[in-house]
Colleague: 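Below are the structure tokens for one structure; questions will follow.
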Amino acid sequence: MVTPKTDRYIPQEIEPKWQKKWEEDKLYRSVIDESKPKHYALTMLPYPSGDLHIGHWYAMAPSDARARYMRMRGYNVLFPMGFDAFGLPAENAAIRHGIHPFKWTMANIEKMRRQLRSMGAMFDWEREAISCLPGYYQWTEWFFLKFYDAGLAYRKKSTVDFCPKCNTTLAREQVWGEDRHCERCGTPVIKKELDQWFFKITEYADELLDFSKIDWPERVVTMQTNWIGRSEGAEVTFPIAPADREMETGGEGGESIVVFTTRPDTLWGATFMVLAPEHPLVDKLTTPEYRQAVEDYKLQAARQSEIERLSTEKEKSGVFIGAYAINPVNGARVPIWIADYVMMTYGTGAIMGVPAHDERDFEFALRFGLPIIPVIDRTDGVAKSFVVPDSMRAGFADELKAAGIQFEEKDGALLVTLHGSEQIDRYVELARAHVKSGYWIEVVGARWVFIFDDGVVPFDGIEADQEILARCQELEPSVRQARTLMEMLYGVEFYRDVLFHAEYGTMINSGPFTGTPGDVAVQKVTEWLEEKGIGKFAVNYRLRDWLISRQRYWGAPIPIIYCPQCGTVPVPYEDLPVLLPEDAKIPPSGENALKFHEGFLHTTCPKCGGPAERETDTMDTFLCSSWYHYAYLSPYWMEGETLHADSYPVDPAEARYWLPVDVYTGGIEHATMHLIYTRFFTKVMRDLGLVNFDEPMLMLRNQGIILGEDGEKMSKSRGNVIAPDNLVERYGADTVRGYLMFGWRWEQGGPWDSQGIEGVVRFLERVWNCVLAPGYEGPGKAEQTETRALRRKVHQAIRKATQDMENFAFNTYIANLMELNNAMLKVKETPLYGTEVWEEAVETLLLLLAPACPHIAEELWARTGRPYSIHQQAWPVWDPEIAAEEVITLVVQINGKVRDRLEVPADISEEKAKELALNCAGAQRHMAGKTVRQVIYVPGRLVNIVVK
RNA sequence: GCCGAAGUGGCGGAACAGGCAGACGCGCGCGACUCAAAAUCGCGUGAGGGUGACCUCAUGUGGGUUCGAUUCCCACCUUCGGCACCA
């Protein structure tokens, strides 16, 4: 059986040989086959940077192994590959080397194809799709028009993030980190006000929060959920105070400000309003005497987002605009401010300030002397009182002690902490009885009262705030600079932790709602607001519409024409594609070449035929990748044909058979970008009647990142880059694949270890020798127990390999094969060698190895005279009976500690197991002189004897 | 600050569903082969103690539940990732 040439394992010889043969035989061509279940395995497509990175291998090789496993399991598997070929690096290369982006990109693709082929993956290259080719991007444009027709694409002037280095705007998702830098180049972004195209992804916010139809990692689900950031609350309308309306320049009357709040239960505590500086009402409402200050502040705020974005701890700033609004729940006249802590982009761009129960509002109110009125009771019942020296009549402290009230004494003052309303009541009573004339004492926190010698005054609203403050200031000169009671109280260190809280609790000082418990307060108030027509239930999202305009040449053109007569006119479907001019010159400034290309820019209006200009912005490359898994099914579909609104972007037969994607693999870094966009795209496609499912990818698994040997991220500047080409040259693709699967938890990744790979080198060499080198040749016959033991091992290995493949547990999958091989190497030196069972073991080992290391498996398969190709064989099936252990190790524990181990038949009875355990030496030793309390038996595992 | 994940030998990592902690591999040590080395093969390898059979400790730290906890619960520490004035 063994071929005469038991030569060494030389991957450099066998790998190219098989790759060539597989390709000639179209072994991995995936065609529709209704007789088989389909499996669409997809791995994220690379950007053609010109060099395949070890990270690409780490993502793709295990994914390929899994796709191969599914194929052996009998699925008709599609595992395509392509290139995300638009994007900035091509333009940068054009500037640096004077080479056209198209040429640069295609040359890179050529090189990367070669590199990818060296992996020996089962990519179906006939389905390759490159997003920068007209046959591809005509559909990207077509999708834009469909979105536009559906009202999901719109153009709007807005303040957007702009990367000065890439010279283009970015979507919010593409701005990363605390310093808000460009996701691609790391340069901090700046704000710019521009006319930009957006996709209404927010219309799908709620549906995007539903993950019930997909099996995606919890991590991604959480990140997307947080990114979308749904919050429920109410929109409340605050009318502008009548007295101020006369000052409006427009004079239309009935102006009002709508705010969004998650805490309508705190409405009675709204003592001011804040608008975002860019809020459209600001100009209308600002009174003449405040106009200058407002303008100054707006300017400063606009600049600040550029300059001072790093200072996270900066103090609150803002200015009063001179106007007042009416709090609709209690008629209070509240001042309107503008401040940069309110964002125009969230909610309505306006808030009600509830300083007693919102940390930011508290800080703001304290700084600007705005009243802070508690309207939600504390949930912990804690109140505090600071007793100034000499303010109380003698005996007060003793009375407190007698009443069981805790306090500390400090420099003659009493620091009293009260718990619960009963204690507070008692305290107020005592304080009332002891306070001297000319002094007062207050209780704050779970109760808000000021106790004077002539009575107890509750701090329950804006009027009380000023009245009480006036009295205190009369009595005590040192508090005369305080503008509000809360500011005065804040001066007392001891009080600080009870002055503010943001919890849900019983409503207080809230008119008819006073006493409403915290768990129903929000709902009750919201209902009431709706009844009264003051407000309504509302939902807000953190998610913004997707900014898709890029001021770049190298992207799919936005198919829009601006006509002086007809305005914004979409390019007719029939005129697609809008081709990128090949002769465009990329300006060294990095500006968009399309803006300067006369031939592209000037066109005729499709409506009136008059002269018009094209939109010169191109689309975010995330549009290209939002539908690439559809493109693979029939690349460059209908290229050269006339497209229509009702064209179908994919060969319908292919779409019907393959979609949706069954397993998607790739990095987590796309959690809130590509992976949200592509879900959005699919939902829109569904609503347009293009597909009949809700989610593009049913299962998602993320791999981690391979770091340099120094544990740092690989980078050229650090010099810690591991180049797969070198590894393939040295070890062969199978070893690299095997090591990438074996070395780490796939979803976690970690530092590269150039010594670790030697383990896989040795493993494959041992497999080679195990299969090809001669074994035992002496006399003797295989023992039955040995035969059974080997079969058991083989079937257990099948079981483990299958389970691990299902679970993407590639490291243990390889470990399991190593174990099988180790066991076989021992058997090889016995008469069992060469028997039928031995052959079963060899065959199984190769079949199980085939997905991970396709070349060596094919070579050994062929060398042992088995029919081509191993990759068309069925995945082996384990027999549970053969895999079952005959003998188990029964662990004997005394009080949970292992004291002995017994080899017993697997089907031992409970009685027998307990009997053996109780009588074994290890147990006896530790039971001496003690009584057995309990004996616990876990079948097939252990006996635990509890003694005392 | 908020949300999420993870902490196991010198290292990467195993451990079904609460039941033998450390599979598999790297590294290291000893041995075989060799004139020698490499490669290969064999044995050993969590820490401490004992001549030994054995004993004690050990899965970030401290508690808890349990006959029994790497696994479940609570608190804390550390690391990584995401978000960050989101009303």
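Chain letters run A, B, ... following the sequence lines, proteins first and then strands; every chain starts at 1.
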Colleague: Between B/rG68 atom C1' and A/I894 atom CD1, what is the distance in whole Å?
Modeller: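 Between C1' of B/rG68 and CD1 of A/I894: 13 Å.
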Colleague: Assign A/T262 to base, sugar-phosphate, or nothing according to its heavy-atom contacts below 4.0 angstrom with the strands shown.
Modeller: sugar-phosphate
Colleague: NA contact type, A/N944, heavy-atom cut-off 4.0 Å: base, sugar-phosphate, or nothing?
Modeller: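 Base, at least one base heavy atom under 4.0 Å.
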Colleague: Categorize A/Q893 for me: base, sugar-phosphate, or nothing, with a 4.0 angstrom heavy-atom threshold over every strand shown.
Modeller: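 Base contact.
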Colleague: Hey, does A/L817 have a side-chain heavy atom less than 4.5 Å from the side chain of A/F763?
Modeller: yes
Colleague: Is there a Watson-Crick or G-U wobble partner for B/rA14 with both distances under 3.5 Å, and which nucleotide is it?
Modeller: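 Its partner is none (no Watson-Crick or G-U wobble pair with both distances under 3.5 Å).
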Colleague: I'd like the C1' distance from B/rA21 over to B/rA15, given in whole Å.
Modeller: 7 Å
Colleague: C1' atom, B/rA17 versus B/rG7: distance in rounded Å?
Modeller: 23 Å
Colleague: Taking all heavy atoms of A/A923 and all of A/I945, pick out the closest pair and write down the distance.
Modeller: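 Distance-wise, the nearest heavy atoms are CB-CD1, 4.2 Å.
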Colleague: Please figure out whether A/V342 or A/G922 has its closest RNA chain B nucleotide nearer the 5' end.
Modeller: A/G922
Colleague: Taking CD from A/E359 and P from B/rA84, how many angstroms apart are they, rounded to a whole number?
Modeller: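 Roughly 18 Å, once rounded to whole Å.
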Colleague: Less than 6.0 angstrom from the centroid, inside 45 degrees of the normal: does A/R263 satisfy that with respect to the ring of A/Y504?
Modeller: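 Flagged: A/R263 positioned over aromatic ring of A/Y504.
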Colleague: In this structure, how many angstroms lie between the P atom of B/rG25 and the CG atom of A/L820, rounded?
Modeller: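 Distance, rounded to whole Å: 12 Å.
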Colleague: In whole angstrom, give the distance that lies between atom CG of A/N226 and atom P of B/rG82.
Modeller: 13 Å
Colleague: In terms of side-chain heavy atoms of A/R766, which of B/rC41, B/rC3, B/rG27 is nearest?
Modeller: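 So the side chain of A/R766 is nearest to B/rC41.
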Colleague: If you measure from the P atom in B/rA37 to the same atom in B/rC30, how many Å do you get, rounded?
Modeller: 12 Å
Colleague: Shortest non-hydrogen contact from A/T830 to A/Y776?
Modeller: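 Looking at all heavy atoms of both residues, the closest pair is O-CB, 3.2 Å.
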Colleague: Checking one value: the base orientation of B/rG7, syn if chi is within 90 degrees of 0, otherwise anti.
Modeller: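 Anti for B/rG7; the angle lies over 90° from 0.
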Colleague: Looking at every non-hydrogen atom in both residues, tell me the closest pair between A/M818 and A/G759 and how far apart they are.
Modeller: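 Taking every non-hydrogen atom into account, CE-O, 4.3 Å.
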Colleague: Taking B/rA14 as the reference, what is the distance to B/rA36 when you measure between their P atoms (whole Å, please)?
Modeller: 42 Å
Colleague: Please classify the nucleic acid contact of A/V946 as base, sugar-phosphate, or nothing, using heavy-atom distances under 4.0 Å.
Modeller: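 If one applies the 4.0 Å heavy-atom cut-off, A/V946 turns out to touch the sugar-phosphate alone, with no base involved.
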Colleague: Measure the distance from CE on A/M741 to C1' on B/rG25 and round it to the nearest whole Å.
Modeller: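 Going from A/M741 (CE) to B/rG25 (C1'), I get 15 Å.
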Colleague: When the side chains of residues 886-908 of chain A are checked against the rest of the protein, which donor-acceptor pairs come out under 3.5 Å, sequence neighbours left out?
Modeller:
residue, atom, partner, partner atom, Å
A/E886, OE1, A/R788, NH2, 3.2
A/E886, OE2, A/R788, NE, 2.6
A/E886, OE2, A/R792, NH2, 3.1
A/T889, OG1, A/E903, OE2, 3.1
A/N895, OD1, A/V947, N, 3.0
A/N895, ND2, A/V947, O, 3.4
A/D900, OD2, A/G922, N, 2.8

Colleague: Do any side-chain nitrogens or oxygens of A/R762 fall under 4.0 Å of OP1 or OP2 in B/rU40?
Modeller: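 True: A/R762 side-chain N/O within range (under 4.0 Å) of B/rU40 OP1/OP2.
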Colleague: Do the side-chain N or O atoms of A/N822 get closer than 4.0 angstrom to the phosphate oxygens (OP1, OP2) of B/rG25?
Modeller: yes
Colleague: Of the candidate nucleotides B/rC67, B/rG27, B/rC3, which contains the atom at the shortest distance from the side chain of A/T222?
Modeller: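 From the listed options, B/rC3 comes nearest.
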Colleague: Write down the distance separating the P atoms in B/rA84 and B/rC3, rounded off to the nearest Å.
Modeller: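 Straight-line distance between the two P atoms is 16 Å.
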Colleague: For B/rG68, take OP1 and OP2 only and decide whether either is under 4.0 Å from a side-chain N or O of A/R899.
Modeller: no
Colleague: Suppose you measure atom C1' in B/rU8 against the same atom in B/rC24; what distance do you get, rounded to whole Å?
Modeller: 16 Å
Colleague: Which atom pairs link the protein and nucleotides 44-51 of chain B when you take only N or O atoms and keep those under 3.5 Å?
Modeller:
none

Colleague: What heavy-atom pair brings A/I201 and A/L208 nearest, and what distance separates the two atoms?
Modeller: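 Between these two residues, the closest heavy atoms are CG1-CD1, 3.9 Å.
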Colleague: Taking the nucleotide of RNA chain B with the closest heavy atom to each, which residue, A/M223 or A/L942, is nearer the 5' end?
Modeller: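 Closer to the 5' end of RNA chain B: A/L942.
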Colleague: Does A/W57 have A/R737 sitting over its ring (NZ/CZ under 6.0 Å from centre, angle to axis within 45°)?
Modeller: no
Colleague: Mind checking if A/R799 touches a base, just sugar-phosphate, or nothing, with heavy atoms under 4.0 Å?
Modeller: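 Counting heavy atoms under 4.0 Å across all strands, no contact is made by A/R799.
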Colleague: Each nucleotide N or O in nucleotides 10-16 of chain B that has a protein N or O under 3.5 Å away: list the pair and distance.
Modeller:
residue, atom, partner, partner atom, Å
B/rG12, O2', A/G743, O, 2.1
B/rG13, O3', A/N811, ND2, 3.0
B/rA14, OP1, A/N811, ND2, 3.2
B/rA14, OP2, A/R745, NE, 3.2
B/rC16, N3, A/R941, NH2, 2.1
B/rC16, N4, A/R941, NE, 3.0
B/rC16, N4, A/R941, NH1, 2.6
B/rC16, N4, A/R941, NH2, 2.1

Colleague: Nearest to the side chain of A/E819, which nucleotide is it out of B/rA23, B/rC3, B/rC67?
Modeller: B/rA23
Colleague: Please name the nucleotide paired to B/rC41 by Watson-Crick or G-U wobble geometry with both distances under 3.5 Å, or report none.
Modeller: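 B/rG31 is the nucleotide pairing with B/rC41.
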Colleague: Looking at A/P851, A/P62, A/C853, which hits side chain to side chain contact (heavy atoms under 4.5 Å, CB included) with A/M741?
Modeller: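 With A/M741 as partner, A/P851, A/P62, A/C853 yield a single side chain to side chain contact (heavy atoms under 4.5 Å, CB included), made by A/P62.
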Colleague: Taking pairing as Watson-Crick or G-U wobble with both contacts under 3.5 Å, can you name the mate of B/rA21, or confirm there isn't one?
Modeller: none
Colleague: Of all the choices, B/rC83, B/rC54, B/rC3, which nucleotide is nearest to the side chain of A/R925 once you look at every atom?
Modeller: B/rC54
Colleague: For a quick test of reading the model, state the closest non-hydrogen atom pair linking A/G186 to A/H181 and the distance between them.
Modeller: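 Minimum heavy-atom contact is O-CB, 3.2 Å.
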Colleague: B/rA53 pairs with which nucleotide, Watson-Crick or G-U wobble, both distances below 3.5 Å?
Modeller: none
Colleague: So, OP1 or OP2 of B/rA21: does either fall under 4.0 Å of a side-chain N or O from A/K897?
Modeller: no
Colleague: When the distance from CG of A/N769 to P of B/rA39 is rounded to whole Å, what number comes out?
Modeller: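 Going from A/N769 (CG) to B/rA39 (P), I get 16 Å.
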Colleague: Under 4.0 Å between a side-chain N/O of A/H926 and OP1 or OP2 of B/rC55, yes or no?
Modeller: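 For B/rC55, OP1 or OP2 has a side-chain N or O of A/H926 closer than 4.0 Å.
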Colleague: Distance between the P atoms of B/rC2 and B/rC85, in whole angstroms?
Modeller: 15 Å
Colleague: If you only use heavy atoms from C-beta on, which nucleotide in B/rG27, B/rG19, B/rC67 is closest to the side chain of A/V938?
Modeller: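 Looking only at side-chain atoms, A/V938 lies closest to B/rG19.
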Colleague: Base, sugar-phosphate, or nothing: which does A/S231 touch, judged by heavy atoms less than 4.0 Å apart?
Modeller: sugar-phosphate
Colleague: Cation-pi check, A/K316 to A/F364: give yes when NZ or CZ is under 6.0 Å from the six-membered ring centre and within 45° of the ring axis, no otherwise.
Modeller: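 No - A/K316 does not lie over the ring of A/F364 by the 6.0 Å and 45° rule.
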Colleague: Could you check whether A/V898 gets within reach of a base, just the sugar-phosphate, or nothing at all, counting any heavy atom under 4.0 Å?
Modeller: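 Contact class for A/V898: sugar-phosphate only.
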Colleague: May I ask which nucleotide in the shown strands pairs with B/rC76, Watson-Crick or G-U wobble, both distances under 3.5 Å?
Modeller: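 Per the H-bond distance test, B/rG60.
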Colleague: Quick one: do the A/S231 and A/N540 side chains pair a donor with an acceptor below 3.5 Å?
Modeller: no
Colleague: Does the pair A/D206 and A/Y541 meet the rule for a side-chain hydrogen bond (donor to acceptor under 3.5 Å, both in side chains), with working shown?
Modeller: CA-CA 9 Å; A/D206 257 327; A/Y541 302 91; 2.6 Å; yes
Colleague: Between B/rG22 and B/rG4, how far apart are the two C1' atoms, rounded to whole Å?
Modeller: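 B/rG22 and B/rG4 have their C1' atoms separated by 28 Å.
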